[in-house]
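Remarks on the structure that follows.
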Protein chains: 2
Amino acid sequence: MSSLFLRTLREDPADAEVPSHKLLVRAGYVRRVAPGGYSWLPLGMRVLRNIENVVREEMNAIGGQEIQFPALLPREPYEATGRWTEYGDSLFRLKDRKGADYLLGPTHEELFTLTVKGEYSSYKDYPVVLYQIQTKYRDEARPRAGILRGREFVMKDSYSFDLDDDGLKHSYELHREAYIKIFDRLGLDYVIVAATSGAMGGSASEEFLAVAETGEDTYVRSTESAFAANVEAVVTPPPPERPVEGLPEAQPHYTPNTPTIDSLVEFLNFKTELGRTFTAADTLKNVMVKIRRPGEQDWQILGIGVPGDREVDQKRLEASLEPAEVALLDEADFAANPFLVKGYIGPKSLRDNGVRYLVDPRVVTGTAWVTGADKPDHHVVDLVAGRDFTPDGTIEAAEVREGDASPDGHGTLVAARGIEIGHIFQLGRKYADAFSLDALGADSKPVRITMGSYGIGVSRLVAAIAEQHNDELGLVWPRAVAPFDVHVVIAGKDDAVAAGAEKLAADLDAAGVQVLLDDRKSTPGVKFADAELIGVPTILVVGRGLAKGVVEVKDRESGERTEIAVDEAVAHLVKLVRS
Amino acid sequence: MSSLFLRTLREDPADAEVPSHKLLVRAGYVRRVAPGGYSWLPLGMRVLRNIENVVREEMNAIGGQEIQFPALLPREPYEATGRWTEYGDSLFRLKDRKGADYLLGPTHEELFTLTVKGEYSSYKDYPVVLYQIQTKYRDEARPRAGILRGREFVMKDSYSFDLDDDGLKHSYELHREAYIKIFDRLGLDYVIVAATSGAMGGSASEEFLAVAETGEDTYVRSTESAFAANVEAVVTPPPPERPVEGLPEAQPHYTPNTPTIDSLVEFLNFKTELGRTFTAADTLKNVMVKIRRPGEQDWQILGIGVPGDREVDQKRLEASLEPAEVALLDEADFAANPFLVKGYIGPKSLRDNGVRYLVDPRVVTGTAWVTGADKPDHHVVDLVAGRDFTPDGTIEAAEVREGDASPDGHGTLVAARGIEIGHIFQLGRKYADAFSLDALGADSKPVRITMGSYGIGVSRLVAAIAEQHNDELGLVWPRAVAPFDVHVVIAGKDDAVAAGAEKLAADLDAAGVQVLLDDRKSTPGVKFADAELIGVPTILVVGRGLAKGVVEVKDRESGERTEIAVDEAVAHLVKLVRS
C-alpha cells in the first residue's frame, strides 16, 4: 500500500447519493472524469477484471465465442434498422474528417447480424452464440449513481442464432442458466423478473435485477410465491365471466357536473333511487389515445377502458402498444372528432365511429359498469360487457397496485426495487428480417434465422455488488470479486513485526494468494479504517502478538477475530481463500 | 472447427496490399466494418488477448499499475494543453445531448496528469508508473493495411511520474527493458531507433520498429554497427575544423543566370581562370523559412544554410525546430525584406539585417564555400566559415542519404523500413506545467513532477507479428501469441480415426494444452490448407497411421514432419508446447 496508487477519502463525494457510489469513490476504486464517465483506479480495475472473468468463463461454458466489434460504427447499418433515428438523443453521433456519419455503439444487434451473415450460409453452420465484453456508449439524460448508470460502460452482450423457435428457446435457456451461475458466483441477491422487450422488439424476455432499495427499476413480487415481474410485464388475472341473464338493463342518467370519477361516484351515491352504493371500481373510465405504427405517417385513435379506481400506467400502456408510438389526444384531435364528448365518452360512440376499443382484462362478459353516455352530463349505469358492448380486445394499461392478486394465483403483489444487471430476450427475426439473414436449408430453401439477445452490465455489476455488500465501515466484497484475497496490516512500529508481516505476505503470494500488504508508516487506526473501507474479505493483523507467535485473522463481513499461530497462518489462509 | 465461428477465404480481400492484412482476413482473424475499423473474430481475439497478457505481465513486473480511463473525454483538459485544436482533423470530436464538447481520446496525457494530481500530493508518493490497455481513436487521413493503421485500435499507454530527471531516466530505462522483454517474448525482429519527439514535446525518445519492408516508417541503420535511428533523429557527424590561415581570399564573381546550384556549378567550371573544379557540395545553399513559436503571434525569419548537394528535408527541419511552426517565405515576405536577393542570398546580408542563420553541421570553421553575394547575378567564392562569416548555430535540416557516415563512426547508413510498435519518451514537464502537477518536497517546497510517456500498439502488434511470421501458405504464429497450441487434424473418414483424434484432443486439453480440433466433414486437403493458413505452430495429423499406433506431428514453421507413437503423443506435445 505504500506504493499502490490509492488515496482513500474521509468524506463522501458531494454528488453521491447511493452507498456504492460513495464507497467506491471513498475507497479509491473509481474517479469521476465527466458526467457519467469514470476512471477505474487499480483497485477498481481488479474488481472489474474479476467480474469479466466470471462472465467470460460461464459464457465459454455454454459454447459462446468471444469476438469484438468497434465501438465507432458507421451510420448505414443503424439507418437500415431505423435505430439511427429511433435512439434519439441517447445516441452519440459524430462525423469523421470526410463528413461521413458515425455513432458510438449503444448496442450491436446490427453488427452481430451482419457479421453472421458475412460468414455463415448453410443450415449446418447453426446454431452459434457470439459474445463480446465491450465498452458501450449511451448519452443518458440523467447519468446517475456513479457507475450504476454511466454514459460509457462495459457490457457483455451476446446473441444466439438459431434455425427455429425451439433452437432459440434452447439458446435462451442456456443463457438463463449461465446467468444464474454468474450472478450466484458473484454473490448477488437477485430476482428474475418477467419483462417486456423495451425498444428491441420481440417476445419472451426476462430481467435479472439485483435487489436494492436504491435501484431505479421497480418490480412487483408475490407475497407467497416466487413470482416476480416488471410492472410492465404484469398480466392481470381476469375474473371469471358471469351470465348476463337477469342483470338490470342499462339506463342513461343525467349526471351534471361529474367529469371526474370521484364526482360521479359521489353523485350516484346521492341518488338513493338507484338503491345501491357505487365505488370507483364500478365505473369504466375511457381514456383516448392515438398511436402511430413504425414507418407509418398517420396517427390512429384508440379508446382504452379501465376500471375507474385505477389510473392508466403510461409505461404499461406503451409497453403493450409497442412498437407503436403513443400520445394523448390534443384539443385539435377532439375538435376533429366531435363524437368524443370529453368526460362522458362511452363504448357506443367509439363503435359507431369505428374507433378501436381495448379494455382492461377485468372487463369480462357479465360485468356491469357505469360509464359515459356520449352526451354531455350523462352517464349510463349497468352497461354490461358482452351484452351492451363488445370491446375489440383487452390491454394491460391499468396501474398495478400492491395488494393486487399475483398473476400466478398465489398471494398478492408487493412492490420492490432493483438494479438491472442482466437481460435475456428472445429477439426473434426482427434483425434477421432487416438484413435478410437466411441459412440455406437441407432442402435448399432459405430459412430465416431467429435470434436471442442477452446482456450483462459488467461495469454496473461492480456497483450492484457494492450496493449489496457494504456496512457502515465500508465495502465488504464477496471473495469471487474482491480486489485481493487477504489484506495484511502491519500493526506496530517494531522492525520484527514488519519483517514478520512481509514474510507472511511473501509466503501467501508464493502460495497463489493475492495479498495487499499495508506497509505504510501510518497508525494502526488509519490502517484498520482503510482495511474496512477497502473491503478485502480477510484481514490479517500482524502486531505485537507476533513475539508470542500469534497473528490475528479478521473476517471483514462478520467482524469475527481469530488468533492463530503464525506458523499455521499461511495454510489456514490458503484454505480459507480456496474454500 | 465444426462449431468455431470461422470461415477462411480462398481469395485475398480486394483492399489488401500487405501480407498481414491479406492473411488475417483470409484466415478469419479480423473483418472490416468501416474504414480503419475492424471486428476481431474468435481467432483474432485469442491472439490479441495473448499479446495483451504479455504486455500486462511485463508492465506489472516493473511495478506498473493498471488503470483505465474513459475513451469519451470532455474538451476542457485538452483545451488547457492546446491539443483540442492542435490535433486538427485527426481528433474525433462530438457533442453530447446538452451541446457540451467531447472527444474520443487519441492519447491520454491530460487525464494521467490530472489523475495523479488528484490523488498524490507529497514527495513520498513518488515515483509511480500507471498504465492502461485501452481502445484509442484517431481519425487517420489514410487508414491502411487493415489493423496496421486503423482509426480505432488498442494501445498500452503508460506514464511515469518522477521527482527529478534521474528518476525519469530510471523509469525510462525500466520501460526500455520491459519493452525489450515484451518484443522478445512476442518473437519480433525489431530495432530500437533514436527518435524525435513528434508532437509531444520533450527530450530523449526511442522508437521500437518491427523490421518490415511493408512498414511505413523509414529509418537508417549502419552497415557495420548496431546504430539505428529515425531519419529525423540522425545527427550529422561534423568534419574536423581546419585552419583558416593560408586559404584564398573570398572573391565575388559575376555569375549571371545561375539561380540553381546546377547552373552555378556549370558556370563556375566553365570559368577556367578559377583553376579548380567545383561540385554542388562546394556550394552553400541558403534556404529562407519563417517560424512561429507556440503561443506567439509573430513569425520570425530564419536562414538555413546547407551544402548545395543536399535538399532540406522538411521533416528533419520541422523536428529540429519543434515545437515552433515552420513555413517557407512567400512573395509578401520577400517584398517586405528587400535585402533578401532571391537566388543570391548570402550570410552577410542576413547578419547585417539581424536574421538568425543556422547551418548544416558540415559547415565548420575552415570550410570554404561558394554562396550568394546578396546581389543579383553574383556569388562569392571561397567564403570561409569562421573567417568570413560566423553562423548563429547548426541545425539538422539537410537530407540524410544512404552512404552517409554513421553518426557512431562505424560504417555508413542504409535506409530500411519498419512498423512502429513501441515508443518510449522522456516527456519532461510539459504536462506537469500545463496542470501544475507538483509534489510537496521534504523541505515543504513544491517540486514540479517530470513525466515519461511509453506506448505500445497492442492491436497493431497482431499485424506486425503476422507481417514477420508468414509464408506462401499462410500465417506462422510464434508460440507465445498463437491462438492455439496444437491444431489436430482428423485426416480420414474412419470412425476410429475420429474417435482417436478426439481422445488425443481431450487428453491434451486436460493437460492444459490449447487445442483446435478440425472435426469437420471436409477432405484432408481442405483441412491441411486451413491449418497452414491459420498458422498454429504445431499440427497433429491423426490418420490411417493410427491403426498402426502412430500419428504425425508437423511443425508449421519448418514444415518438418515426425511420426510418433500415439501413446507418447500427449507427453511429446506437452513438452513441445512448454518448451
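Here is how names work: the chains are called A, B, and so on, in the same order as the sequence lines, proteins then strands, and each is numbered from 1. Atoms considered below: every heavy atom in the structure, side chains included; atoms not considered: hydrogens, waters and symmetry mates.
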Worksheet entry | Worked check of side chain to side chain contact (heavy atoms under 4.5 Å, CB included) between L41(B) and E119(A) | CA-CA 10 Å; L41(B) 299 190; E119(A) 305 299 311; 4.1 Å; yes

Discussion item. Side chain to side chain contact (heavy atoms under 4.5 Å, CB included) for L94(A) and R93(B)? Distances and angles first, verdict last.
Written reply: CA-CA 7 Å; L94(A) 67 160; R93(B) 297 179 184 82; over 6 Å; no

Practice prompt. Would you check, one step at a time, whether the test side chain to side chain contact (heavy atoms under 4.5 Å, CB included) holds for Q68(A) with L48(B)?
Written response: CA-CA 10 Å; Q68(A) 193 145 301; L48(B) 186 63; 5.5 Å; no

Practice prompt. Walk me through it: do T135(A) and T135(B) pass the test side chain to side chain contact (heavy atoms under 4.5 Å, CB included)?
Written response: CA-CA 9 Å; T135(A) 304; T135(B) 304; 5.9 Å; no

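Heavy atoms of L9(B) lying under 4.5 Å from chain A are absent altogether. In this structure, chain A has no heavy atom under 4.5 Å from any part of A100(B). Neither the backbone nor the side chain of V30(A) comes within less than 4.5 Å of any heavy atom of chain B. Neither the backbone nor the side chain of Q132(B) comes within less than 4.5 Å of any heavy atom in chain A. When heavy atoms are compared at a cutoff of 4.5 Å, S121(A) does not approach chain B at all. For L43(A), no part lies under 4.5 angstrom from a heavy atom of chain B. For chain A, the nearby part of Y102(B) is the side chain; its heavy atoms alone come within less than 4.5 Å. The contact between L111(A) and chain B is made entirely by side chain atoms (from C-beta outward), counting heavy-atom distances below 4.5 Å. Contact annotation for L4(B): both backbone and side-chain heavy atoms come within less than 4.5 Å of a heavy atom of chain A. Interface residue R151(A): only side-chain heavy atoms are found under 4.5 Å from chain B. Heavy atoms of S2(B) lying under 4.5 Å from chain A are absent altogether.
Inter-residue side-chain proximity for P74(B) and V33(A) is flagged as met; some heavy-atom pair is nearer than 4.5 Å.
Here the NZ atom belonging to K124(A) is positioned 15.5 Å from the OG atom belonging to S3(B), to the nearest 0.5 angstrom. Here the OG atom belonging to S39(B) is positioned 8.5 Å from the CG atom belonging to L73(A), to the nearest 0.5 angstrom. Note that OH of Y137(B) is 14.0 Å distant from CG of D96(A), once rounded to the nearest 0.5 Å.
Between chain B and the residues F153(A), F69(A), F5(A), the most heavy-atom pairs under 4.5 angstrom are made by F5(A).
The main-chain N or O of A71(B) is found under 3.5 Å from a side-chain atom of E152(A) such that the two form a donor-acceptor pair. Side-chain atoms of Q65(B) never come within 3.5 Å of backbone atoms of P42(A) as a donor-acceptor pair (strictly under, hydrogens ignored). In this structure, D139(B) contributes its side chain and R97(A) its backbone to a donor-acceptor pair below 3.5 Å.
By the 4.0 Å N-to-carboxylate-O rule, E66(B) lies too far from R46(A) to be salt-bridged with it.
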